Amino acid sequence: MWQAEIRVDLDAIRENVSRLCAGTQAAVMAVVKADGYGHGMVPAARAALAGGASWLGVATLDEALALRRAGITAPTLAWLLAPGLDLHLGVSADIDLSVASVGQLREMTAAADAAQRPARVHLKIDTGLTRGGATAEDWPGLVEAAAKAQADGSVEIVGIWSHFVYADAPGHETIDRQLAAFHDALGVAERLGVRPPLRHIANSAATLTRPDAHFDLVRPGIAVYGLTPIPGEQFGLRRAMTARARVMLAKRVPAGTGVSYGHAYTTTRETTVAVVPVGYADGVPRHASNVGPVRVNGTTFTIAGRVCMDQVVLDVGDLPVSAGDVATLFGSGDDGGPTADDWAEAIGTINYEIVTRFGSARVPRAYDGGTGE
Ligand SMILES: *Cc1c(COP(=O)(O)O)cnc(C)c1O
């Protein structure tokens, strides 16, 4: 018996990835960072591979190593590497590593020496996001240094890559500008004799809307989990995560009753309040106070008053709601119930943040379909 749970539909993940694969000639890297966007990194990775992904993408070295410990051998790229990590563990575990500076490249060659095999690297160019990646000015120096390290046998240049600013706004001028900058960077590399097999820049939004940005590999994340990168368009994707809890207590209270901390909500008539045992410690944003939607017995209610650490309260009027009934915060949306998109809109964030928040240790995850391992 569960009191609160995250259900993850692994068949939905597998099918979403199949759909993404069918929409491109490029190889598909399923991004499973941040514990698979809150869905569970290892089960999500297995489902994505079953759906046809041939690569996995993660932010940190630890995430990549956790995939290997789980026995997953698919090519994996890790791109968020602070100085001083034990990169040789990544090299030994056959993990591809992103490089954005000559200093980082030196760490890769040292790791390669320690692991006694070449480090597989993807050179990152900053085409306008101004986050990771080498500037256009620093790019030739990085490419030259990498080419020399490759000639020395300490690295293998597997890819050149970049990341979009605003692909979730189709038609935004940054998209074409970044593509032009990416082509320029590829041209510079080629003139320096570096022409790696994998060029990649597309996130979910570009994978779904910009075939001219697919190159050799696409890196969808949010779409893998059935969530749209572009609010209002679903692209036929199936949302994989459901967050739900059982009503703990339902009771009648009179009109004028203040509800939850601060009495930020007051009943306007005699009514039933239902207490649901999930709160901000479980991932429910506190900003959802008085706005978060929750579905019980086919009706969607709005959270009454403040979200507490462990609980929220609903005002369910005279509808028959009792202890033990299932309260769904968000799910597939197939039954007309709330979705992570609805939650994002209600609190002014993006669906990405809603699902990744629900990764607390307290709410168990259960898996449908796939193997769940
Ligand atoms: C998170 C991430 C992605 C996936 O982005 P989505 O918008 O979820 O598809 C791709 N590439 C990089 C570098 C990322 O950090």
Side-chain angles (χ1 to χ4, degrees), residues 13 16-17 19-21 23-24 26-39 41 44-45 48 51 53-64 75-82 95-100 104 121-134 158-170 172 174-175 178-179 182 198-211 213-231 233-235 237 239-241 340-341 344 349-357 359:
I13 292 178
N16 292 332
V17 173
R19 179 176 281 270
L20 293 165
C21 289
T24 184
V28 172
M29 170 188 288
V31 178
V32 297
K33 64 188 178 186
D35 209 6
Y37 289 45
H39 295 67
M41 181 175 69
S54 49
W55 279 78
L56 297 171
V58 292
T60 69
L61 180 64
D62 282 347
E63 291 174 320
T76 299
L77 173 64
W79 54 68
L80 201 67
L81 307 166
I95 292 159
D96 288 36
L97 303 166
S98 173
V99 180
Q104 234 177 359
V121 299
H122 296 229
L123 305 179
K124 186 169 192 187
I125 173 78
D126 179 0
T127 52
L129 180 57
T130 319
R131 206 177 64 180
V158 178
I160 290 178
W161 74 298
S162 191
H163 193 43
F164 279 118
V165 172
Y166 208 10
D168 45 316
H172 195 267
T174 54
I175 301 170
Q178 284 189 271
L179 280 174
F182 193 52
L198 296 179
R199 302 158 298 169
H200 51 106
I201 187 170
N203 56 3
S204 293
T207 301
L208 291 164
T209 64
R210 291 294 298 243
H214 288 188
F215 293 93
D216 309 300
L217 178 76
V218 293
R219 304 189 310 268
I222 197 75
V224 166
Y225 307 97
L227 295 172
T228 181
I230 301 172
E233 286 187 59
Q234 188 54 28
F235 300 102
L237 300 165
R239 299 179 185 89
M241 184 189 288
D341 308 273
T349 184
I350 52 175
N351 51 12
Y352 296 68
E353 186 182 359
I354 299 298
V355 289
T356 52
R357 293 175 68 97

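Owing to the predicted nature of the structure, the values given are computational and were not obtained by experimental measurement. In each ligand, atom 1 is the first atom listed, and ligand 1 is the first ligand listed.
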Completion exercise
Residue set satisfying salt bridge (Lys or Arg N to Asp or Glu O under 4.0 Å) with Arg19, at least two apart, ordered chain then number -> none

Fill in the blank from the handout: Closest to atom 7 (O) of ligand 1 among protein heavy atoms sits Tyr352 OH, 2.5 Å

Practice task
May I ask you to test the Ile230-Phe235 pair for a side-chain heavy-atom distance under 4.5 Å?
Solution key: yes

Exercise for the section: Do me a favour and list the nearest non-hydrogen protein atom to atom 13 (C) of ligand 1 with residue, atom name and distance? Expected result: Trp161 CZ3, 3.4 Å

Problem - Those atoms of ligand 1 less than 4.0 Å from some heavy atom in Ile222 - result: 6 (P), 8 (O), 9 (O)

Handout entry: Under-4.0 Å heavy-atom contact with ligand 1, by part of Tyr225 that carries it
Key = neither

Handout entry: Test of proximity, Lys124 against ligand 1: N or O pairs below 3.5 Å
Key = no

Exercise for the section: Find out whether His200 and Trp161 are in side-chain contact, i.e. whether some heavy atom of one side chain is under 4.5 Å from a heavy atom of the other. Expected result: yes

Handout entry: Arg219 N/O to ligand 1 N/O under 3.5 Å
Key = yes

Fill in the blank from the handout: salt bridge (Lys or Arg N to Asp or Glu O under 4.0 Å) pairs touching residues 55-64, sequence neighbours excluded, are none

Practice task
Please tell me if the side chains of Trp79 and Lys33 come closer than 4.5 Å, counting only heavy atoms from C-beta onward.
Solution key: yes

Practice task
Kindly compute the distance separating OG1 (Thr228) from CD (Gln234), expressed to the nearest 0.5 Å.
Solution key: 6.0 Å

Exercise for the section: Below 4.0 angstrom from a heavy atom of Ser204, which ligand 1 atoms are there? Numbered from 1 as shown, please. Expected result: 6 (P), 9 (O)

Problem - Whether Asp96 side chain and His122 backbone form a donor-acceptor pair below 3.5 Å - result: no

Exercise for the section: Provide the number and element of each atom of ligand 1 under 4.0 Å from a heavy atom of Tyr37. Expected result: 1 (C), 4 (C), 5 (O), 6 (P), 8 (O)

Problem - atom 1 (C) of ligand 1 [closest protein heavy-atom partner, distance rounded to 0.1 Å] - result: Lys33 NZ, 1.5 Å

Handout entry: ligand 1 atoms in contact with Pro220 (distance to a heavy atom under 4.0 Å)
Key = 9 (O)

